[in-house]
Amino acid sequence: MWELRLYVAQRRTAMLMVPLILGHLAVIFYATGSELSASDILARTRGSIGWAAFYGAFVILAAVHGAIGVRTVLREWSPLEGRILDVIMVAFGAVLIALGARAVVAVVA
Amino acid sequence: MRKIYSMASTTTDPEMTVPQSGTLSVSVWRGGASGHYETFEVPARTNQTVLDVATWIQRNADPTLSYRFACRVGMCGSCAMMVNGRPRWTCRTHVSKVTDGGRLELGPLANLPVVKDLTADMTRFFEKWQAADGTFVPTKTRHDPIEQLSPDDPARVSANEAIECINCAVCFAACDTVRWNENYLGPAALNRAWTLINDVRDGGDAERLAAVAADGGCHACHSHQSCEQHCPKGLNPTASIAGLKRRSVRAYLRGEL
(Lines give C-alpha, C1' and ligand atoms only; values in the text may rest on other atoms or scores of the structure.)
Protein backbone atom coordinates (compact mmCIF):
# COMPACT_ATOMS: atom_id res chain seq x y z
CA MET A 1 0.00 0.00 0.00
CA TRP A 2 3.01 2.30 -0.43
CA GLU A 3 1.46 4.04 -3.44
CA LEU A 4 -1.75 4.60 -1.50
CA ARG A 5 0.17 6.08 1.43
CA LEU A 6 1.96 8.48 -0.89
CA TYR A 7 -1.35 9.37 -2.56
CA VAL A 8 -2.94 10.17 0.79
CA ALA A 9 0.12 12.10 1.98
CA GLN A 10 0.08 14.22 -1.16
CA ARG A 11 -3.63 15.02 -0.77
CA ARG A 12 -3.26 15.80 2.92
CA THR A 13 -0.36 18.17 2.31
CA ALA A 14 -2.36 19.81 -0.49
CA MET A 15 -5.31 20.39 1.82
CA LEU A 16 -3.10 21.81 4.57
CA MET A 17 -1.32 24.10 2.12
CA VAL A 18 -4.52 25.74 0.87
CA PRO A 19 -4.88 28.15 3.82
CA LEU A 20 -1.12 28.72 3.85
CA ILE A 21 -1.13 29.63 0.15
CA LEU A 22 -4.00 32.05 0.70
CA GLY A 23 -2.11 33.55 3.65
CA HIS A 24 1.04 33.84 1.60
CA LEU A 25 -0.85 35.59 -1.22
CA ALA A 26 -2.42 37.95 1.29
CA VAL A 27 1.05 38.79 2.62
CA ILE A 28 2.31 39.48 -0.90
CA PHE A 29 -0.64 41.77 -1.70
CA TYR A 30 -0.29 43.56 1.63
CA ALA A 31 3.46 44.02 1.32
CA THR A 32 3.33 45.31 -2.26
CA GLY A 33 0.16 47.34 -1.70
CA SER A 34 1.67 49.03 1.33
CA GLU A 35 4.96 49.49 -0.52
CA LEU A 36 6.90 47.90 2.32
CA SER A 37 10.66 47.85 1.87
CA ALA A 38 12.77 44.78 2.60
CA SER A 39 13.81 46.28 5.91
CA ASP A 40 10.15 46.95 6.80
CA ILE A 41 9.31 43.30 6.15
CA LEU A 42 12.32 42.00 8.07
CA ALA A 43 11.43 44.26 10.98
CA ARG A 44 8.09 42.48 11.20
CA THR A 45 9.36 38.93 10.68
CA ARG A 46 12.62 38.82 12.65
CA GLY A 47 12.21 37.04 15.95
CA SER A 48 8.60 36.14 15.13
CA ILE A 49 7.70 32.63 16.15
CA GLY A 50 4.42 32.97 14.27
CA TRP A 51 6.05 33.72 10.90
CA ALA A 52 8.66 31.03 11.54
CA ALA A 53 5.92 28.49 12.19
CA PHE A 54 3.86 29.70 9.21
CA TYR A 55 6.63 29.51 6.64
CA GLY A 56 8.36 26.56 8.32
CA ALA A 57 5.19 24.51 7.96
CA PHE A 58 4.79 25.76 4.40
CA VAL A 59 8.27 24.57 3.49
CA ILE A 60 7.77 21.10 4.98
CA LEU A 61 4.37 20.61 3.35
CA ALA A 62 5.58 21.84 -0.03
CA ALA A 63 8.64 19.61 0.17
CA VAL A 64 6.60 16.49 0.92
CA HIS A 65 3.96 17.35 -1.68
CA GLY A 66 6.44 18.23 -4.41
CA ALA A 67 8.74 15.29 -3.77
CA ILE A 68 5.86 12.82 -4.17
CA GLY A 69 4.87 14.57 -7.38
CA VAL A 70 8.41 14.37 -8.75
CA ARG A 71 8.44 10.65 -7.95
CA THR A 72 5.26 10.23 -10.01
CA VAL A 73 6.69 12.20 -12.91
CA LEU A 74 9.87 10.10 -12.89
CA ARG A 75 7.79 6.91 -12.61
CA GLU A 76 5.89 7.78 -15.75
CA TRP A 77 8.37 9.74 -17.83
CA SER A 78 11.69 8.02 -17.10
CA PRO A 79 12.87 4.42 -17.28
CA LEU A 80 13.42 4.45 -13.50
CA GLU A 81 11.39 2.11 -11.34
CA GLY A 82 11.48 0.46 -7.94
CA ARG A 83 13.49 1.64 -4.94
CA ILE A 84 15.49 4.28 -6.77
CA LEU A 85 12.31 6.33 -7.17
CA ASP A 86 11.88 6.49 -3.41
CA VAL A 87 15.53 7.38 -2.91
CA ILE A 88 15.23 10.27 -5.37
CA MET A 89 11.95 11.35 -3.78
CA VAL A 90 13.50 11.53 -0.30
CA ALA A 91 16.63 13.27 -1.59
CA PHE A 92 14.57 15.84 -3.53
CA GLY A 93 12.37 16.47 -0.51
CA ALA A 94 15.43 16.91 1.70
CA VAL A 95 16.90 19.46 -0.72
CA LEU A 96 13.62 21.39 -0.76
CA ILE A 97 13.49 21.40 3.03
CA ALA A 98 17.11 22.56 3.27
CA LEU A 99 16.57 25.38 0.77
CA GLY A 100 13.29 26.36 2.36
CA ALA A 101 14.71 26.27 5.90
CA ARG A 102 17.57 28.49 4.75
CA ALA A 103 15.06 31.04 3.42
CA VAL A 104 12.93 30.90 6.56
CA VAL A 105 15.95 31.36 8.78
CA ALA A 106 17.06 34.35 6.70
CA VAL A 107 13.70 36.01 7.24
CA VAL A 108 12.96 35.23 10.88
CA ALA A 109 16.37 34.77 12.55
CA MET B 1 -2.25 -4.13 -56.01
CA ARG B 2 -4.39 -1.00 -56.14
CA LYS B 3 -7.23 -2.14 -58.42
CA ILE B 4 -10.61 -0.62 -57.53
CA TYR B 5 -13.66 -2.87 -57.52
CA SER B 6 -17.33 -2.22 -56.97
CA MET B 7 -18.80 -3.42 -53.69
CA ALA B 8 -21.87 -4.69 -55.56
CA SER B 9 -20.63 -8.25 -55.49
CA THR B 10 -20.25 -8.30 -51.72
CA THR B 11 -23.57 -6.94 -50.54
CA THR B 12 -27.27 -7.02 -51.34
CA ASP B 13 -28.15 -3.73 -49.68
CA PRO B 14 -29.61 -1.61 -52.53
CA GLU B 15 -28.08 1.57 -51.25
CA MET B 16 -24.70 -0.03 -50.88
CA THR B 17 -24.80 -1.32 -54.45
CA VAL B 18 -25.16 2.16 -55.89
CA PRO B 19 -21.70 3.23 -56.92
CA GLN B 20 -20.67 6.52 -55.36
CA SER B 21 -18.24 8.88 -56.86
CA GLY B 22 -14.73 9.11 -55.58
CA THR B 23 -12.41 6.94 -53.59
CA LEU B 24 -10.92 6.92 -50.14
CA SER B 25 -7.19 6.87 -49.67
CA VAL B 26 -6.73 4.40 -46.83
CA SER B 27 -3.37 3.89 -45.12
CA VAL B 28 -3.32 0.57 -43.31
CA TRP B 29 -0.70 -0.69 -40.88
CA ARG B 30 0.94 -3.83 -42.22
CA GLY B 31 3.14 -6.25 -40.33
CA GLY B 32 4.07 -6.39 -36.67
CA ALA B 33 5.69 -3.82 -34.39
CA SER B 34 8.23 -2.90 -37.05
CA GLY B 35 5.74 -2.73 -39.91
CA HIS B 36 4.74 0.12 -42.15
CA TYR B 37 1.65 1.82 -43.58
CA GLU B 38 0.39 0.67 -46.97
CA THR B 39 -2.07 2.75 -48.96
CA PHE B 40 -5.18 1.36 -50.65
CA GLU B 41 -7.71 3.15 -52.83
CA VAL B 42 -11.18 2.11 -51.66
CA PRO B 43 -14.51 3.12 -53.24
CA ALA B 44 -16.30 5.78 -51.22
CA ARG B 45 -19.92 5.02 -50.27
CA THR B 46 -22.68 7.10 -48.77
CA ASN B 47 -23.14 4.69 -45.90
CA GLN B 48 -19.85 3.06 -45.07
CA THR B 49 -18.29 2.14 -41.77
CA VAL B 50 -14.59 1.92 -41.12
CA LEU B 51 -15.01 -1.82 -40.67
CA ASP B 52 -16.59 -1.93 -44.14
CA VAL B 53 -13.42 -0.35 -45.47
CA ALA B 54 -11.16 -2.92 -43.80
CA THR B 55 -13.40 -5.71 -45.07
CA TRP B 56 -13.36 -4.30 -48.60
CA ILE B 57 -9.58 -4.22 -48.62
CA GLN B 58 -9.33 -7.79 -47.39
CA ARG B 59 -11.89 -9.14 -49.86
CA ASN B 60 -10.88 -7.15 -52.90
CA ALA B 61 -7.33 -5.90 -52.60
CA ASP B 62 -5.28 -8.01 -50.20
CA PRO B 63 -6.69 -11.17 -48.59
CA THR B 64 -3.69 -11.35 -46.24
CA LEU B 65 -4.90 -8.31 -44.27
CA SER B 66 -5.49 -9.32 -40.65
CA TYR B 67 -8.11 -7.59 -38.56
CA ARG B 68 -10.61 -8.66 -35.93
CA PHE B 69 -14.38 -8.41 -35.82
CA ALA B 70 -17.38 -10.53 -34.90
CA CYS B 71 -20.82 -9.01 -34.34
CA ARG B 72 -20.58 -5.85 -36.53
CA VAL B 73 -23.31 -4.20 -34.40
CA GLY B 74 -21.36 -2.72 -31.50
CA MET B 75 -21.83 -5.51 -29.00
CA CYS B 76 -18.79 -7.77 -29.05
CA GLY B 77 -16.07 -5.13 -28.70
CA SER B 78 -13.60 -6.90 -30.98
CA CYS B 79 -13.20 -4.51 -33.93
CA ALA B 80 -11.55 -1.53 -32.22
CA MET B 81 -8.68 0.07 -34.13
CA MET B 82 -6.85 3.35 -34.35
CA VAL B 83 -8.67 5.49 -36.93
CA ASN B 84 -6.82 8.65 -37.95
CA GLY B 85 -4.93 8.43 -34.67
CA ARG B 86 -7.92 7.88 -32.39
CA PRO B 87 -9.18 4.57 -30.99
CA ARG B 88 -12.69 3.75 -32.21
CA TRP B 89 -15.12 0.87 -32.58
CA THR B 90 -14.92 0.55 -36.33
CA CYS B 91 -18.21 -1.29 -36.92
CA ARG B 92 -20.19 1.73 -35.75
CA THR B 93 -17.91 4.46 -36.95
CA HIS B 94 -19.08 5.98 -40.21
CA VAL B 95 -16.29 6.95 -42.54
CA SER B 96 -18.04 10.23 -43.36
CA LYS B 97 -17.72 11.31 -39.73
CA VAL B 98 -14.01 10.59 -39.32
CA THR B 99 -12.44 10.93 -42.74
CA ASP B 100 -9.89 13.66 -43.14
CA GLY B 101 -10.42 14.99 -46.67
CA GLY B 102 -11.02 11.51 -48.07
CA ARG B 103 -8.07 10.11 -46.16
CA LEU B 104 -8.18 7.36 -43.56
CA GLU B 105 -5.38 5.88 -41.51
CA LEU B 106 -6.06 2.55 -39.83
CA GLY B 107 -3.73 1.06 -37.25
CA PRO B 108 -3.80 -1.52 -34.48
CA LEU B 109 -4.95 -0.35 -31.06
CA ALA B 110 -2.34 1.70 -29.23
CA ASN B 111 -0.83 0.62 -25.90
CA LEU B 112 -1.02 -3.06 -26.90
CA PRO B 113 1.49 -5.23 -28.79
CA VAL B 114 0.75 -5.78 -32.47
CA VAL B 115 0.11 -9.33 -33.61
CA LYS B 116 -0.17 -8.47 -37.29
CA ASP B 117 -1.64 -5.61 -39.33
CA LEU B 118 -4.74 -4.33 -37.49
CA THR B 119 -4.81 -7.09 -34.89
CA ALA B 120 -3.58 -6.17 -31.42
CA ASP B 121 -2.62 -8.69 -28.75
CA MET B 122 -5.31 -8.24 -26.08
CA THR B 123 -3.60 -10.46 -23.48
CA ARG B 124 -2.28 -7.59 -21.39
CA PHE B 125 -5.69 -5.91 -21.42
CA PHE B 126 -7.47 -8.95 -20.02
CA GLU B 127 -4.67 -9.73 -17.56
CA LYS B 128 -5.39 -6.33 -16.05
CA TRP B 129 -8.99 -7.35 -15.51
CA GLN B 130 -7.80 -10.33 -13.54
CA ALA B 131 -5.27 -8.23 -11.61
CA ALA B 132 -8.09 -5.88 -10.61
CA ASP B 133 -10.07 -8.83 -9.25
CA GLY B 134 -12.68 -8.28 -11.94
CA THR B 135 -14.30 -11.64 -11.29
CA PHE B 136 -17.63 -11.88 -9.52
CA VAL B 137 -17.38 -13.57 -6.11
CA PRO B 138 -20.72 -15.18 -5.31
CA THR B 139 -22.11 -15.02 -1.79
CA LYS B 140 -25.05 -17.39 -2.25
CA THR B 141 -25.64 -20.89 -3.44
CA ARG B 142 -28.20 -22.15 -5.91
CA HIS B 143 -30.34 -23.12 -2.94
CA ASP B 144 -30.70 -19.55 -1.68
CA PRO B 145 -33.55 -17.36 -2.91
CA ILE B 146 -32.73 -14.95 -5.72
CA GLU B 147 -31.43 -11.63 -4.42
CA GLN B 148 -33.95 -8.81 -4.76
CA LEU B 149 -32.26 -5.77 -6.27
CA SER B 150 -33.84 -2.35 -6.27
CA PRO B 151 -32.84 -0.35 -9.38
CA ASP B 152 -33.12 2.79 -7.25
CA ASP B 153 -30.56 1.65 -4.73
CA PRO B 154 -27.61 4.13 -4.94
CA ALA B 155 -25.04 1.34 -5.19
CA ARG B 156 -27.03 -0.33 -7.95
CA VAL B 157 -27.35 3.00 -9.78
CA SER B 158 -23.55 3.38 -9.64
CA ALA B 159 -23.06 -0.17 -10.89
CA ASN B 160 -25.56 0.28 -13.72
CA GLU B 161 -23.88 3.46 -14.89
CA ALA B 162 -20.68 1.52 -15.54
CA ILE B 163 -21.95 -1.94 -16.40
CA GLU B 164 -22.30 -1.73 -20.19
CA CYS B 165 -18.60 -2.11 -20.96
CA ILE B 166 -18.00 -4.34 -24.01
CA ASN B 167 -14.24 -4.85 -23.40
CA CYS B 168 -13.28 -3.17 -26.65
CA ALA B 169 -10.09 -1.69 -25.11
CA VAL B 170 -10.71 1.70 -26.74
CA CYS B 171 -10.24 3.35 -23.33
CA PHE B 172 -7.03 1.35 -22.79
CA ALA B 173 -5.66 2.62 -26.10
CA ALA B 174 -6.72 6.20 -25.35
CA CYS B 175 -5.26 6.36 -21.83
CA ASP B 176 -2.12 8.42 -21.23
CA THR B 177 -1.42 6.70 -17.92
CA VAL B 178 -1.53 3.27 -19.56
CA ARG B 179 1.10 4.52 -22.01
CA TRP B 180 3.31 5.92 -19.26
CA ASN B 181 2.93 3.26 -16.56
CA GLU B 182 2.96 -0.36 -17.64
CA ASN B 183 1.73 -1.46 -14.20
CA TYR B 184 -1.41 0.66 -14.48
CA LEU B 185 -4.54 -1.47 -14.52
CA GLY B 186 -6.30 0.83 -16.98
CA PRO B 187 -9.79 2.31 -17.20
CA ALA B 188 -11.71 -0.82 -18.21
CA ALA B 189 -10.38 -3.09 -15.46
CA LEU B 190 -10.91 -0.43 -12.80
CA ASN B 191 -14.37 0.35 -14.16
CA ARG B 192 -15.18 -3.35 -13.90
CA ALA B 193 -13.93 -3.43 -10.30
CA TRP B 194 -16.17 -0.46 -9.49
CA THR B 195 -19.26 -2.27 -10.80
CA LEU B 196 -18.48 -5.28 -8.62
CA ILE B 197 -17.78 -3.17 -5.53
CA ASN B 198 -21.25 -1.69 -6.01
CA ASP B 199 -22.85 -5.10 -6.52
CA VAL B 200 -24.45 -6.18 -3.24
CA ARG B 201 -24.34 -9.81 -4.38
CA ASP B 202 -20.56 -9.80 -4.65
CA GLY B 203 -18.40 -10.88 -1.72
CA GLY B 204 -14.90 -9.97 -2.89
CA ASP B 205 -14.71 -6.31 -1.92
CA ALA B 206 -11.84 -6.49 0.60
CA GLU B 207 -9.47 -8.27 -1.79
CA ARG B 208 -10.64 -6.18 -4.73
CA LEU B 209 -10.10 -2.90 -2.90
CA ALA B 210 -6.58 -4.03 -2.00
CA ALA B 211 -5.97 -5.00 -5.64
CA VAL B 212 -7.10 -1.65 -7.06
CA ALA B 213 -5.22 0.33 -4.39
CA ALA B 214 -1.88 -1.40 -5.07
CA ASP B 215 0.92 -0.04 -7.26
CA GLY B 216 -0.55 0.76 -10.66
CA GLY B 217 -4.06 0.86 -9.28
CA CYS B 218 -6.69 3.58 -9.22
CA HIS B 219 -4.40 6.16 -7.59
CA ALA B 220 -2.19 6.22 -10.67
CA CYS B 221 -5.05 7.76 -12.70
CA HIS B 222 -4.54 11.44 -13.55
CA SER B 223 -8.20 12.00 -14.45
CA HIS B 224 -7.35 13.11 -18.00
CA GLN B 225 -10.72 11.64 -18.98
CA SER B 226 -9.58 10.31 -22.34
CA CYS B 227 -11.43 7.10 -21.46
CA GLU B 228 -14.68 8.99 -21.08
CA GLN B 229 -13.99 10.99 -24.23
CA HIS B 230 -13.41 7.89 -26.36
CA CYS B 231 -15.67 5.25 -24.78
CA PRO B 232 -18.04 4.17 -27.58
CA LYS B 233 -20.64 3.15 -25.01
CA GLY B 234 -20.66 6.57 -23.41
CA LEU B 235 -19.38 5.28 -20.08
CA ASN B 236 -17.29 7.34 -17.71
CA PRO B 237 -14.49 5.16 -16.33
CA THR B 238 -12.84 8.23 -14.80
CA ALA B 239 -15.84 8.60 -12.51
CA SER B 240 -15.62 4.91 -11.60
CA ILE B 241 -11.92 5.32 -10.80
CA ALA B 242 -12.69 8.39 -8.70
CA GLY B 243 -15.17 6.23 -6.79
CA LEU B 244 -12.46 3.63 -6.20
CA LYS B 245 -10.10 6.34 -4.97
CA ARG B 246 -12.69 7.58 -2.46
CA ARG B 247 -13.53 4.07 -1.32
CA SER B 248 -9.91 2.95 -0.94
CA VAL B 249 -8.80 6.12 0.86
CA ARG B 250 -11.71 5.75 3.26
CA ALA B 251 -10.72 2.15 3.92
CA TYR B 252 -7.10 3.21 4.42
CA LEU B 253 -8.03 5.93 6.91
CA ARG B 254 -10.11 3.40 8.81
CA GLY B 255 -7.15 1.04 8.94
CA GLU B 256 -8.83 -1.52 6.70
CA LEU B 257 -6.16 -1.35 4.01
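Chain A is the first sequence line, chain B the second, and so forth, proteins listed ahead of strands; every chain is numbered from 1.
Of the listed residues (B/His222, B/His219, B/Lys245), the greatest number of heavy-atom pairs within a distance under 4.5 Å of chain A belongs to B/His219.
Within 6.0 Å of CZ in B/Arg30 there are more than 12 heavy atoms belonging to other residues, nucleotides or ligands. In the displayed structure, B/Arg250 atom CZ is contacted under 6.0 Å by more than 12 heavy atoms of other residues, nucleotides or ligands. Heavy-atom neighbours of A/Glu35 CD from other residues, nucleotides or ligands within 6.0 Å: at or below the threshold of 12. In the displayed structure, A/Ile49 atom CD1 is contacted under 6.0 Å by at most 12 heavy atoms of other residues, nucleotides or ligands.
How far SG of B/Cys221 is from OH of A/Tyr7: 8.5 Å, rounded to the nearest 0.5 Å. To the nearest 0.5 angstrom, B/Asn181 atom CG is 3.5 Å from A/Arg75 atom CZ. If you take CG on B/Asp215 and CG on A/Leu4, they are separated by 11.5 Å, rounding to the nearest 0.5 Å. Rounding to the nearest 0.5 Å places CE of A/Met1 at 8.5 Å from OG of B/Ser248.
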- Task: Take A/Val8 and B/Tyr252 through the test side-chain contact (heavy atoms from CB on, under 4.5 Å) and record every step on the way to the result.
- Result: CA-CA 9 Å; A/Val8 171; B/Tyr252 170 74; 3.7 Å; yes
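Of the two parts of B/Asp176, neither the backbone nor the side chain holds a non-hydrogen atom closer than 4.5 Å to a non-hydrogen atom of chain A. Contact annotation for A/Arg5: both backbone and side-chain heavy atoms come within less than 4.5 Å of a heavy atom of chain B.
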